[in-house]
Each structure stands twice: as structure tokens, then as C-alpha cells.
Amino acid sequence: MSLAAPVVGPKTDSSITGSIRLYNTLTRQKEALVTVKPGHVGMYLCGPTVYAESHIGHMVGPVIFDTIKRYLVYCGYEVTWVVNITDVDDKLIAASRKRGISMFQVATEMTADYLSNLRSLGVTQIDHMPRATDNMEEIILFIEELIQRGFAYASDGDVFFDVARDVEYGQLSNRTLDSQQGEGGEAASKKRSSGDFALWKSAKAGEPAWESPWGLGRPGWHIECSAMSRRILGKTFDIHGGGLDLVFPHHENELAQSRCCHGQPMVRYWMHNGLMRAGSSVGKVGGRATKADTDASSSASTTPATADAPAIASDAPADVSTKISRSKGAGGLADQIEKHTGERIRFFLLRTHYRSTIVFGDEGLEEAGQALNSFYRLISRFERITGVKFFEGVEYPSRRADGDMRLAQAPASDLRQSISALRQSFLEKMDDDFNTGGAVSDLFELARTINRHVDEHKLEETAKRTPEHLASFSLGMSVLHELGAILGLFIKPPKKTGDDDSGKLVEDLMQLLIKLRADARVAKNFATADAIRHGLTALSIGLQDLKEGTTWERT
RNA sequence: GGCGCUGUAGCCAAGUGGCUAAGGCAGUGGAUUGCAAAUCCACCACGCGUGGGUUCGACUCCCACCGGCGCCUCCA
């Protein structure tokens, strides 16, 4: 008999389940999701400029978009998700000079860093990751079209977007041209107006350059997103996202380029995630020492590209936190992941709403980890009682419609009733602008409901178990799996300790101690039993006496 | 200065014009346990920055004020 819950119904049909609403930065309100192509969602997230290591702030967008895609797919949409890599830019050139390696090398290195961070946080749903340097033809073509349509002009090797020609300019960030205070940068003399921005920049000697109708040069910052999104997603697509700090100028300019080039809107829904701040009480951000700029030993472990960047908040008042950014020295996310694990960080991010500001710090991560552990304890409890492996043996519906049907067909019981209600509540929160923070609360309630079921029916005691109660238990765990998967949680077993030789030895030694203590307990020699427990406690090892034996864990 | 966000218990954090304001962490009491851990139960904001206003009724809408933050320059 398999305790794994059956997956009901055909794998998928094209019907969409649920009514999703999302906050649109452009209109500043929540709107119902109506896609360009029925049943399909095209979404584009602005990825990093790969000139230095990524920091935790770079992960907010990918994690929420990864979750959004999982949810949309769960609801029956076919989703194409694009994240670009900007691998040509002034900062990349500067980094390559500083490090004495090619721009290409810098980009390759930092892209690898970015990808590894994404993987650690369970961001696995990206379909396309186009690089700017692989799309030069498309970019140049785009610029030519803009010139032809009269929205851009060439000027001494550079090409600028003519902001004055676009009467709708400023809609996204809600600002008028008059209020622009841009100085125009060093290219000011070549511009018609200070608000004009570069589509193409002429190359100076020794800079990486591509052939173009305007001479050797490279693309401006915004054009690659317009060109690459059009190539992959079309002239108008559904969702465009990024950090709140990209609203202006990046997205405003992207939007202007694309709309003017095509005479139709670029995007239906603009989504922006809140920015992350670092609590200075943390002392470190992204693994960077607070005094990196004065302490040579601490900067030895950082990369040459950012080693002498100023530290964050090193002289700020103790209760102040500031935005995390690389220009302030953040980086070294890999160290944070090593310390806290990717899933914990992901859970930490999803506990709050994506549009709110998050203060990143050890206290919050610890707390998140504490909370996450309770789910893993439930998973162990399930495996112990049923003998079924949660990660390999519990099947769960990958589509909302299937999940609905499965629950409707399950034998009626109080547990099914409450599980069903919690699942419903969870999905309604997700429908409402992907409210993962609210949805997580239902996950906790679900875990508590399942634990209560196990307690009430004494499922820890072999003799008291009934097939009905075990089946209900499994159904609950399957729903936990189903909902967790939407958030990208509980998908893979956490990495095991004890896979190597020393781990094996520790395990054997622990079993020996547990055996000795068990003998002492049988003999009512509690002094010895307690001596073992307390001795292990001092080594940060906890023992749990269960009905079926004793387990141990590092604390 | 312009545009925008935000202020909910010790901490983190959802949320709604009107049932007892989710959930988590921490804490307290209880069940359970030789002890402990885990789990479960109970308790933990008569109030949602402050002061006004609208309303039959606001934490939720409006105004003012105070505090925190972001963008306006590169930034996820």
C-alpha cells in the first residue's frame, strides 16, 4: 500500500484556474491579469550588470519572479520568463581595467557568481538569459528604427533618444521633463536636451567596441532590454519587473524606446520589488567587513574588483540601516548563503510582501530558520511514522485544478475540511498580488493542523494507527508539498550531514552513546543518562527520546 | 525642492470601512516526558505613529503634523 496521495485527473488542460490581480506601477493600482495571448504570460526581469559579485538585493526580484512563474504555471498558464545579463557597460570596462583582465572575463566570472547564487536560492524557472553582447545586431537595428521614426538622433558618433519628441515620457515614474535635473553627463554638449539618454556610445581608444552605422561603439544602458525583450517576448508583453530603483531612469527609458519604436505599449504590467536594506547592527553586509577600507586583512578575502569599495554604514549611527548596493560595497552573497543556506534566505524573502522594504540581517535570518525548522520537524515526523520518504515518495498535484479535484474527491473528514480551507486561503492570498507573506501564515496553520491530527489520533504509537488516519496524514502532507512547491520550498531534501567518512564516524559514535544511555535508562540509572545528555548538550548536540527510539541533532 | 513608499504587540510581519486585528520569533501557564526536546492547548496589541475630519461605524478613506526610507546620478 502506498501512502503517497494519488494525483488526480489529467496532467493539464488549457483552462486557467484562479483570478490573479497584480499591482501595476504604471497605474499605481492593482489590476486583474489579462494577458496579451490567452493562457500565456511573457515576463521579463531586469538582471544584473555583471561587473561585480551580486549581493542579496539582487536576489529579491529573481526569487519573487521565480515564485510568480511557479504560481502562474500552477494556475494553468504557459509562461516564458526572461532575465537579461548586461555584460557591456562603463563599470565593466572600469573593472576590467582595474583587474587587468578583459571585460569578457569580468562578465563571465560575475555571471557565474550570479547564476550560482540563483541556484542556491532555488531560482530554477528562468527560460532565457540573453546577454547584451550576443544581441548587437538586434540592438543596432532597434536604434536604426528609432532614428528612422524620428525619435533618436546621431551626434558625433553617439546616438541619443530625443526625449522631447515623446509626449508621454515620464508616465511610469510620474515625473515631467521640466523637473528633470540631469546635467547630461560628459556627453552633454552632444545632446539636444539634458534629459536625452544614450542609445549608442562611441568608443574611446582601448575600449571594447562593435561596428555600427555610427562608428565603433557600444550600446547605452537601456537599449539592450528593449531589443532583447522584443526578440524573445514580442513588441508588447505581459509583465516587466525589476527593483524599485530601476523605475527611473532605466524602465522609463526602456518604455519610451519601445513604445516610440513600435507605436504600441511595451508592457501591460510593471512590477517593482522593494529594496533591501542592511541593518547596521549586523556589522557586516554580504560578508564584507565593516572596516574593509582600513583593515587590510579583511579585504584580503574580497575580490579585487570591489576590495577597496567603501564599507556600508561603517560610520553610521547604530540604529540606522541603509540601502544595499554595490556602489556602497555590498557583495559576497555566496558567504551569506554558505552561512544561512539558500532555502532559509528564500524563505526569509518570501515571508514579507515583495513590494516592501526588507532589512537584511542575521537576526531575521535566524528567526526565519527557526520557523522553517518546524516544517522540517513535521516532515521527519511524517517519514518516521509512515515510512514514506517525503521528498521522493509523496506525490502532489502540480496544477491548481488537479489539486481542487483531488481534495474534492478525498474522503470527507474534519481534517480534509480544514486542509481544504487553508489551501483555499493560501491560494487567495497568492491571487492577490502574490502575497507570499500572508500565504506563509496558512502554511504554518497547515503544519499545526497536521500535527494536531497526529497528536489527537496518537499516530506516534504503532498500535493506534489506522489506515484512515494515516491516509489523512498523507493527504495533509501532500497539500503541504503542493503549496510549498509554489513558493519553491520543500522541493529537495536539505543537504545531509554524514555523507563523508567523518560524518559516518560521528553517526556511529552517536549510536554508541545513545545505546549506552538507553541501557542506563532501562536500569533507572538516570544520573548516567543525564550525564550523557548534558555532556552532548555542551557539544551542541540535542537528544530527543521518541517512542521508537532516540534521535539526535546539532543545535 | 519634485515624485513616491512607509510607521500594526518585545521583535518580524499579513490584513480589512463593521464578526473576537493573520502568522512567525521570543515569553508565560498547562498537557505530555524519569529529565529534556518536539508536538498540542491556553495566554500574549480594548488597540494598529500623533491630531483632526468624513461616516451610523475607520486601524482601513481624507487632511495636517511627527518619524523612517527610496528615486530624481550608477544601482535589483
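All values derive from a computational prediction rather than experimental measurement. Just so we're on the same page: letters track the sequence lines, and every chain starts at 1.
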How would you summarise protein contacts on nucleotides 9-16 of chain B per nucleotide, using B for base, S for sugar-phosphate only and - for none, with heavy-atom distances below 4.0 Å? ---SSSS-
So does [X] pair up with [Y], basic N to acidic O under 4.0 Å?
X	Y	result
A:E207	A:R218	yes
A:D545	A:R521	yes
A:D455	A:R448	no

Please determine if a side-chain N or O atom of [X] lies less than 4.0 Å away from the OP1 or OP2 oxygen of [N].
X	N	value
A:R452	B:rC41	yes
A:R377	B:rU39	yes
A:N273	B:rA76	no
A:R28	B:rC3	no

Looking at the base of B:rG4, is there any donor atom on it, or on the side chain of A:R355, that sits under 3.5 Å from an acceptor on the other one?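 Side chain to base: no pair below 3.5 Å.
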Donor-acceptor pair under 3.5 Å: do we get one between A:D545's side chain and the base of B:rC35?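 Such a pair is found, so the answer is yes.
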Searching all strands shown, indicate the nucleotide that pairs with [N] (Watson-Crick or G-U wobble; both distances under 3.5 Å).
N	answer
B:rA38	none
B:rA58	none
B:rC46	none
B:rU20	none
B:rA9	none
B:rU33	none
B:rG4	B:rC69
B:rA76	none

When you get a sec, tell me which of [options] is the closest nucleotide to the side chain of [X]?
X	options	answer
A:N451	B:rG24, B:rU39, B:rA26	B:rU39
A:R175	B:rG2, B:rG24, B:rU39	B:rG2
A:R517	B:rA26, B:rG34, B:rA76	B:rG34
A:C46	B:rA76, B:rA26, B:rG4	B:rA76
A:R448	B:rC41, B:rC71, B:rA37	B:rC41
A:M276	B:rG4, B:rA76, B:rC69	B:rA76
A:D455	B:rU39, B:rC72, B:rC74	B:rU39
A:F248	B:rC71, B:rC25, B:rC3	B:rC71

If you measure only the distance, is there a donor-acceptor pair under 3.5 Å linking the side chains of A:E224 and A:T86?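 The criterion, which ignores hydrogens and geometry beyond distance, is satisfied for A:T86 and A:E224.
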How many Å lie between CD on A:Q544 and C1' on B:rA37, as a whole number?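 Atom-to-atom, A:Q544 to B:rA37, this comes out as 5 Å.
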In whole Å, I'd like the distance from the CG atom of A:L378 to the C1' atom of B:rA37.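 So the CG-C1' distance, A:L378 to B:rA37, works out to 16 Å.
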What residues from residues 520-534 of chain A pass a heavy-atom cutoff of under 4.0 Å to RNA chain B?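 RNA chain B contact set from residues 520-534 of chain A: A:R521, A:F526, A:D530, A:R533.
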Tell me, please, whether A:F360 has A:R277 positioned over its six-membered ring: NZ or CZ under 6.0 Å from the ring centre and within 45 degrees of its axis?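 Output no; distance or angle outside limits.
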